[in-house]
Each structure stands twice: as structure tokens, then as C-alpha cells.
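Just so you know, these numbers use all the heavy atoms, side chains as well, and skip hydrogens, waters and symmetry mates.
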Amino acid sequence: MNQTDLIQKSYEIAKERYQAVGVNTDKALEDLQKISISIHCWQADDVTGFENLGNLGGGGIQATGNYPGKARNIDEIRQDIEKVLTLIAGNHRLNLHAIYGDFAGKVVDRNEVDPSHFASWMQWAKEKGLKLDFNSTSFGHPKSGDLTLSNPHKEIRDFWIEHTKRCRAIAEAMGQYQNDPCIMNLWIHDGMKDQTVNRLKYRAILEKSLDEIFATNYKNMKDCIEAKLFGIGLESYTVGSYDFYLGYGAKNQKIVTLDTGHFHLTESIADKISSLLLFTPEIMLHVSRPIRWDSDHVTILNDDVTDLAKEIVRAEALNRVHIGLDYFDASINRLGAYVIGIRATQKAFLQGLLEPISQLKTYEENEQYFERLALLEEAKALPWNAVWDMFCLKNNIAVGEDYIAEIQQYEKHVTSKR
């Protein structure tokens, strides 16, 4: 029996097993096909970008490792992304930071970026069937320091306000070009290394800066605001904390971004979904894997990611939650890191789509808590992997571990020669 026949046979068996608990696997495959993941461009080059200012790092951004073959320019990043797309199923998005503009070798400071610097990205994305998302970039700049939008010095603060305004205009242009809203994420590293006395002052400044930035309304982009627990060198105080952005998002109806690496390690991100859905219009996810801190390890299929995906499906919120990745591991093959993380995220959502949710909710409503727990446990052993293999087969991509050899060949013929 060849691989295709084996996958199809296994799927038919799995389909019957899931039918026994009231789950339609064909419907789950259809729904998974519709889930788009916003793929982060910065895994390909360790968050370097294409500025000619010299990326200074900082702001809690640190890619560790020196695996050979990282992308060195815009063409190589696009080449790598194109290869990744051949190894994953579905229609996805590409998430760009402002430092990844097509600057054509010219020095363009961040308060000077405009849509023209991303015109070639828009054209390329359209050709590849991708939609674009965007991020302002506050780190790695001579004016970054410890405080940007919350800086009490007007000259510095105005520089970053102008940068962020321009990023929103770029996102608007992207959304208009692709006829689909561009999600513009605002994250700043602002904070202090040691005990901070006037916490209220900097948060009040940040609120005022955000009000000025968001004063212009756009139709083709959506704003989201991202919190962080701390940054390296800024461990004691983060101006844009989760509490700050949750309050600002609820008050001003902005999308709040949940980065799975930006909270205490024992904190459940899944539990936040239902609360945000009640008070904010939508949610943006940045899926990462923290180990001891926000270390941006490659996303894998662990309990944290699976619980997060299941909660979104249970809440019937796939149409209100945007899913993106945010990690940068320079210690392993960078394309391999992409494929592992994207597939892991899709697997987590497939498991959510295959849950016997109707029966579980019935048990809960009837206060049949033994039955609920028992079915939750038994569902873990249902043959979801046979459904996943069928998803790969239907999309004509590598099944199982077969993609390892493809990435090895790409490394041999492409990245190893950089």
C-alpha cells in the first residue's frame, strides 16, 4: 500500500471514530483551510531588517544563535518565504516590521518611511497570494533609549509619534491595495531597569501619544496594541503593560494583542480570550514559546498552544481572532523553524476543531461534570493525526516528517552558499 492509499484509509477510519462522538471531520478540514496565519518575516534574518542606520538591537529584542545561511537582503527573505509556502497548507499572510522596507540602499529614517517603501512588498505579496500585516519598529535605533512614545522629552516622543503615524498610513495603503484590512501592531519596549517612582507619569504620556497617533481614522487597516511583561535591561517597569493596554483597548475599542511570551510563565493566555471578546472588538495573537522568559523559541504543539486554540474554537471566535507568529530562533535552520511553528499552530487549531464540543457543552449545562471530564480525556486520544495527514495530502504538501528532507536540500543548494 502506497502512502496516499494509507493516508486515505487511515482518514476513513478516523472519520468514523469521530462521527461516533458527533464530530464531522470533513467540516473540520474545511474550517482549518480557512484559517490564515500571519507569518513573521523577522525569523528569516534574526530581526535585522534593511535599514542603513545600523540596527542597534535593544528593547528586549535578542535573537540567539548563529546558524549559517540567514537572509541578508530583501530578495533572500522573499526566496525563503516562497520556499516555506511550498511546505505549508492554506492561504496565509506575511507580517512585516517597518525596518523591512525596500529602501533601495538609501538611508531612510523611521520618521520618513512611507507607502512607497513597501510598494514592491505589496506587489510581491499579491503575486504570491499573500496578504500583508504591519508593525511599527521602536527598537534598535539611536533614538530608542529606554522610552519612546512615553518619553517626557518632546523631541524624542514626537519622533516616535511621527514614525507610528506613518506606519498606520503604510498599513492603510497595504489594506487598500490588497482589498483586505492590514493589521497594524503597535508594540514599544518602554520601561526602566530598576525601581520606578513616577509610574503614572509615563503611562499618562503614553496614553496621550496614543490618542494623537489614533486621531486619524482609516478604513483599510486595523490597529492593535501589544503589551509586554518586561524587556532585557528594562526588568522593573514596563509602561505598556497588559493592564494598561487592556484598559486602553476596552475604552477606545482597539484590538489587544496577546503575545504568548509576554506574560508570567504560569499564566494562562487561553483564559484571557473570553474576557477580551466581551470588551474589545477583536483579538490579535502572537504565538511564541517562552522558556523561563520571553525567549521566542519556535512554537511547538504543546499544551499552551493547544489550550489557546481550543478556547478560540469553543468560543466560536475564529472570525474575531487574528493569528500570527512571533519568534526568532537563530540556533537552528531558520526555514525549518518557520515550518515547525506554522504546522504546530495549525495542528493545535485542528485539535480544537475536532473536539466533541456539542456533547461537552451539553454535559456542562446538565452539570454532568464526570462525563465532561471523561470525554475531554478520551478526546485527547482520538486519531486527529490521521485527519492532519489528510489535510496535508489534500493540499499537496509534504506529509509527516517528509518536509525535513526538502529543507535539507534547500539548505544544501541555497542557504549554505550565502
Next item on the list: Name all residues meeting the ring-ring contact (aromatic ring centres under 6.0 Å, His included) criterion together with F103; count only those two or more places apart in sequence or in a different chain, and write none if there are none.
Entry: H117
Check: At what distance, to the nearest 0.5 angstrom, does OG1 of T25 lie from CE of M390?
Finding: 9.0 Å
Check: Partners of H163 by ring-ring contact (aromatic ring centres under 6.0 Å, His included), sequence neighbours excluded?
Finding: W160
Checklist line | F244 backbone acceptor or donor facing S241 side chain under 3.5 Å | finding: yes
Margin query: Would the distance check show the side chain of D102 and the main-chain N or O of F118 forming a donor-acceptor pair, the cut-off being under 3.5 Å?
Written below: no
Check: Do H189 and S138 have a side chain donor and acceptor closer than 3.5 Å?
Finding: yes
Note to self: To the nearest 0.5 Å, what is the distance between CD1 on I342 and CG on L85?
What the structure shows: 7.5 Å
Note to self: Nearest 0.5 angstrom please: T345 OG1 to I300 CD1, how far?
What the structure shows: 11.0 Å
Notebook entry, point to check: If you look only at pairs with a residue in residues 325-345, which of them pass as a salt bridge (charged side-chain N to carboxylate O under 4.0 Å, His left out), with sequence neighbours excluded?
Noted result: D46-R334
Note to self: For a 4.5 angstrom cut-off between non-hydrogen side-chain atoms, does Q351 reach L301?
What the structure shows: yes
Next item on the list: Kindly say whether T362 contributes a backbone atom to a donor-acceptor pair with the side chain of E364 at under 3.5 angstrom?
Entry: no
Margin query: For V399 versus L393, what's the shortest heavy-atom pair and its separation?
Written below: CG2-N, 4.2 Å
Item checked: Nearest heavy-atom neighbours spanning R289 and T260 -> N-OG1, 4.5 Å
Check: Any idea how F263 and Y242 line up, ring-wise: parallel (<30°), tilted (30 to 60°), or perpendicular (>60°)?
Finding: perpendicular
Next item on the list: With the side chain counted from C-beta on, respond yes when T164 and M184 share a heavy-atom pair under 4.5 Å apart, and no when they do not.
Entry: yes
Check: Which ring-ring contact (aromatic ring centres under 6.0 Å, His included) pairs, counting each pair once, include a residue from residues 364-398, with sequence neighbours left out?
Finding: W388-F391
Margin query: Check the orientation of H40 and Y338. Use parallel for under 30°, tilted for 30 to 60°, and perpendicular for over 60°.
Written below: perpendicular
Check: Within the side chain of R372, is there an N or O that forms a donor-acceptor pair under 3.5 Å with the backbone of L360?
Finding: no
Notebook entry, point to check: Near K208 NZ, under 6.0 Å, is it more than 12 heavy atoms from other residues, nucleotides or ligands?
Noted result: no
Note to self: How long is the straight-line distance from CD1 of I332 back to CD1 of I340, given to the nearest 0.5 Å?
What the structure shows: 5.0 Å
Check: Which heavy atom of N333 sits nearest a heavy atom of Y67, and at what distance?
Finding: CA-CE2, 3.7 Å
Next item on the list: Answer whether the closest heavy-atom distance between the side chains of L32 and V387 falls below 4.5 Å.
Entry: no
Notebook entry, point to check: What distance do S38 atom OG and F134 atom CZ have between them, rounded to the nearest 0.5 Å?
Noted result: 12.5 Å
Next item on the list: Output all residues satisfying ring-ring contact (aromatic ring centres under 6.0 Å, His included) with Y18, sequence neighbours left out; order by chain, then residue number.
Entry: none
Checklist line | Test item: L229 and T238 side chains (from C-beta on) under 4.5 Å apart, heavy atoms | finding: no
Next item on the list: Provide the closest heavy-atom pair for N185 versus C224 in the form atom of the first, atom of the second, distance.
Entry: OD1-SG, 3.2 Å
Item checked: Stepwise side chain to side chain contact (heavy atoms under 4.5 Å, CB included) check, V21 with Q359 -> CA-CA 8 Å; V21 292; Q359 184 61 64; over 6 Å; no
Check: Counting only N and O atoms by type, is there a donor-acceptor contact under 3.5 Å from the side chain of S150 to the main-chain atoms of I205?
Finding: no
Next item on the list: Check for a donor-acceptor pair, side chain of Q253 on one end and backbone N or O of F279 on the other, with a separation under 3.5 Å.
Entry: yes
Item checked: Residues forming a salt bridge (Lys or Arg N to Asp or Glu O under 4.0 Å) with E162, sequence neighbours excluded -> R166
Margin query: Quick check: closest heavy atoms across L234 and G191, and the distance to 0.1 Å?
Written below: CD2-O, 3.3 Å
Next item on the list: Identify, with sequence neighbours excluded, every residue that meets salt bridge (Lys or Arg N to Asp or Glu O under 4.0 Å) alongside R93.
Entry: D133, D180
Next item on the list: Could you list the residues that satisfy ring-ring contact (aromatic ring centres under 6.0 Å, His included) with Y100, not counting sequence neighbours?
Entry: F50
Next item on the list: May I ask you to decide if I213's main-chain N or O and R168's side chain share a donor-acceptor pair within less than 3.5 Å?
Entry: yes
Next item on the list: Answer yes or no for K254 and Y248: cation-pi contact, defined as NZ/CZ to six-membered ring centre under 6.0 Å and angle to ring axis within 45°.
Entry: no
Notebook entry, point to check: What residue pairs, at least two apart or across chains, pass side chain to side chain donor-acceptor pair (under 3.5 Å) with a residue in residues 72-86?
Noted result: R72-E76, R78-S120, Q79-R418, D80-Y410, D80-R418, E82-W124
Margin query: Give me the atom names and distance for the closest heavy-atom approach of I232 to F230.
Written below: CD1-CE1, 4.2 Å
Checklist line | Pairing residues for S236 by the side-chain contact (heavy atoms from CB on, under 4.5 Å) criterion, not counting sequence neighbours | finding: D194
Item checked: Validation row: M284, E226 side chains within 4.5 angstrom (heavy atoms) -> no
Margin query: Would you say that F159 contacts N151 through its side chain, given a criterion of any heavy-atom pair below 4.5 Å between the two side chains?
Written below: no
Check: Would a 4.5 Å heavy-atom cut-off, applied to side chains only, mark T64 and S331 as touching?
Finding: no
Margin query: Is the shortest side-chain heavy-atom distance between E12 and K15 below 4.5 Å?
Written below: yes
Check: When rounded to the nearest 0.5 angstrom, what is the spacing between NE2 in H286 and CG in D294?
Finding: 11.5 Å
Check: Does any N or O in the side chain of E172 come within less than 3.5 Å of the main-chain N or O of N220, such that one atom is a donor and the other an acceptor?
Finding: yes
Item checked: Residue pairs passing the salt bridge (charged side-chain N to carboxylate O under 4.0 Å, His left out) test where at least one lies in residues 387-405, sequence neighbours excluded -> none
Note to self: Test salt bridge (charged side-chain N to carboxylate O under 4.0 Å, His left out) on E207 and K251; report intermediate values, then the result.
What the structure shows: CA-CA 11 Å; E207 180 187 25; K251 177 183 177 181; 3.5 Å; yes
Item checked: N366 CG: over 12 foreign heavy atoms closer than 6.0 Å -> yes
Next item on the list: Name all pairs fulfilling the side chain to side chain donor-acceptor pair (under 3.5 Å) condition that reach into residues 301-316, sequence neighbours left out, sorted by first residue then second.
Entry: R314-E355
Next item on the list: Ignoring hydrogens and angles, tell me if any N or O in the side chain of H97 forms a donor-acceptor pair with the backbone of S136 under 3.5 Å.
Entry: yes
Next item on the list: Check for a donor-acceptor pair, side chain of Y327 on one end and backbone N or O of A337 on the other, with a separation under 3.5 Å.
Entry: yes
